[in-house]
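Accompanying notes for the structure given below.
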Protein chains: 2
Amino acid sequence: MSMPLPSATAEVRIHEILFSIRQVFAEKGFDGASMQDLARSAGMSVGNFYRYFPSKAAIVQAMVGLDLAEIEQDFAEILVSSDPMAGLRAKILSRMTEDCMDDGQLWAEITAAAIRKPEIGIAATQMEATIVAHLVAIFARVTGRDQSQAEARYFGHCQMLVMLAKAVAMRTSQCGPASPALAAMVVQTIDQILTEIANDTAES
Amino acid sequence: MSMPLPSATAEVRIHEILFSIRQVFAEKGFDGASMQDLARSAGMSVGNFYRYFPSKAAIVQAMVGLDLAEIEQDFAEILVSSDPMAGLRAKILSRMTEDCMDDGQLWAEITAAAIRKPEIGIAATQMEATIVAHLVAIFARVTGRDQSQAEARYFGHCQMLVMLAKAVAMRTSQCGPASPALAAMVVQTIDQILTEIANDTAES
DNA sequence: ATTTCGTGAATGAACGTTCACTCTCAGCTC
DNA sequence: GAGCTGAGAGTGAACGTTCATTCACGAAAT
């Protein structure tokens, strides 16, 4: 479809491909999207496509990796900001309302595929672990505890936050934007988790 | 594979087929499971299989319908019990620990397929609506409000509960049983939703 | 001159679906 | 009872399509 763009290095090229493929994968699913479909959406021939990704699972792995990199950047910004807790809250809420429509669909597919293909499952599990680790780091900073103490205390909170965010995204892509009543419940739950942690600062 | 069993009516037969198919669908996914696979698992030929289900989507629709019927029976028992709130809580928690391993996998597949195939999406949406309606009925009874008032007040709570239950089931099938910390968070959140409603009884 | 980037036809397997067919058995006539 | 009938349950080969993957080959770039 799109002109190949005379662009730079192979890694950049892979990013471009992943970006242009994204929607096809979300719309047709892991098994539903054929290599022919994907190659066409990437604006290249099948043969050439295989030079970039040796298998379908590799595509998903790369896509997860890309999403993770993006999220890690968000976390980096939040961690060094003056009010990490507020920044985190804003990020979570914006994730839920902003780009969900596409992302939720994709996550539903990845979640389903993760259970079947071990390689995808590993990537997905690793992603959650990484996010949780970043959340723990933020909470450690906010409460003034060290990393391991924060992990022991807030591990469940972090997992809960991740699960909630994913669930909302998936629901949104299936049913359309959440009803105000549901949105209110979600926000309330998140706020409660966050304030419970914020009020749990270590005495000096 | 299995002897045809001399069993009764066509409807019963369909239940048997759905039961024996379930696992294949969960393991291979909507597109991944072929009609040949499914027919073999049902212990019959492809041709005969098509006499029971005209398409793959029809299978999922029937499967959702069966699950819904089962859930409706659970709700019926809860509604007439002496302490519906406790019964409901027990049911939700048992759903999350008991049969999740298989069910979560299946729900991940259905959720993903629901976004792609409108017919499946409709069935899934209807299922959620039905469950929410039953929850509203229980909360109406517990708080002594009428149906429409209960709906206006607790719609978000109900949707939240359904979303949470689904999310936990899907997570369990992907990562194994939730960590104690996460389980505690989930239970806490559910209990909070339920007690918030229980404390909101209408003054007489 | 060699590596990289690109093509798209070819291949063989597997797919969803159809179809012509068999088998079984209850109900009917004689 | 013997013989016919037509409907329901079941079969599996066959059809046309699409799939993932490969490959022989051309164009550009170093």
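Everything numeric in this text was worked out from a predicted model, so none of it was measured. In the text below, chain A, chain B and the rest are named by the order of the sequence lines, each starting its count at 1.
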Inset, instruction - Quickly work out the B:L38 CG to C:dT17 P distance and round it to whole Å. - result: 11 Å

Inset, instruction - For A:M35 and C:dT7, give me the distance from atom CE to atom P, rounded to whole Å. - result: 15 Å

Legend entry - Residues from residues 46-61 of chain A lying under 4.0 Å of DNA chain C - heavy atoms: A:G47, A:N48, A:R51, A:Y52

Legend entry - With B:F75 via ring pair (Phe, Tyr, Trp, His ring centres under 6.0 Å) - residues at least two apart: B:H134

Inset, instruction - For side chain to side chain donor-acceptor pair (under 3.5 Å), just list the numbers for A:Q159 and B:S179, CA-CA rounded to whole Å, side-chain angles, deciding distance to a tenth of an Å, and then say yes or no. - result: CA-CA 9 Å; A:Q159 288 188 315; B:S179 65; 2.7 Å; yes

Inset, instruction - Evaluate the side-chain proximity of B:M163 to B:V168: yes if any heavy-atom separation is below 4.5 Å, no if none is. - result: no

Inset, instruction - Would you please confirm or rule out a distance under 4.0 Å between OP1 or OP2 of D:dG10 and any side-chain N or O of B:R13? - result: yes

Legend entry - Contact under 4.0 Å: A:S45 side-chain N or O vs C:dG8 OP1/OP2: no

Inset, instruction - Using the ring of B:F30 (Phe, Tyr or Trp, six-membered ring only), decide whether B:K117 places NZ or CZ under 6.0 Å from its centre and within 45 degrees of its axis. - result: no

Inset, instruction - Respond yes when some side-chain nitrogen or oxygen of B:Q36 is under 4.0 Å from OP1 or OP2 of C:dA14, and no when none is. - result: no

Inset, instruction - Could you check whether A:A39 gets within reach of a base, just the sugar-phosphate, or nothing at all, counting any heavy atom under 4.0 Å? - result: nothing

Inset, instruction - Could you verify whether a donor N or O on one side chain and an acceptor N or O on the other, from B:E27 and B:Q23, lie under 3.5 Å apart? - result: yes

Legend entry - Rounded distance in Å - CG (B:D31) to C1' (C:dA14): 14 Å

Inset, instruction - Please tell me if the side chains of B:M185 and B:Q188 come closer than 4.5 Å, counting only heavy atoms from C-beta onward. - result: yes

Legend entry - Atom-to-atom span, CE of B:M44 to C1' of C:dC23 - whole angstrom: 16 Å

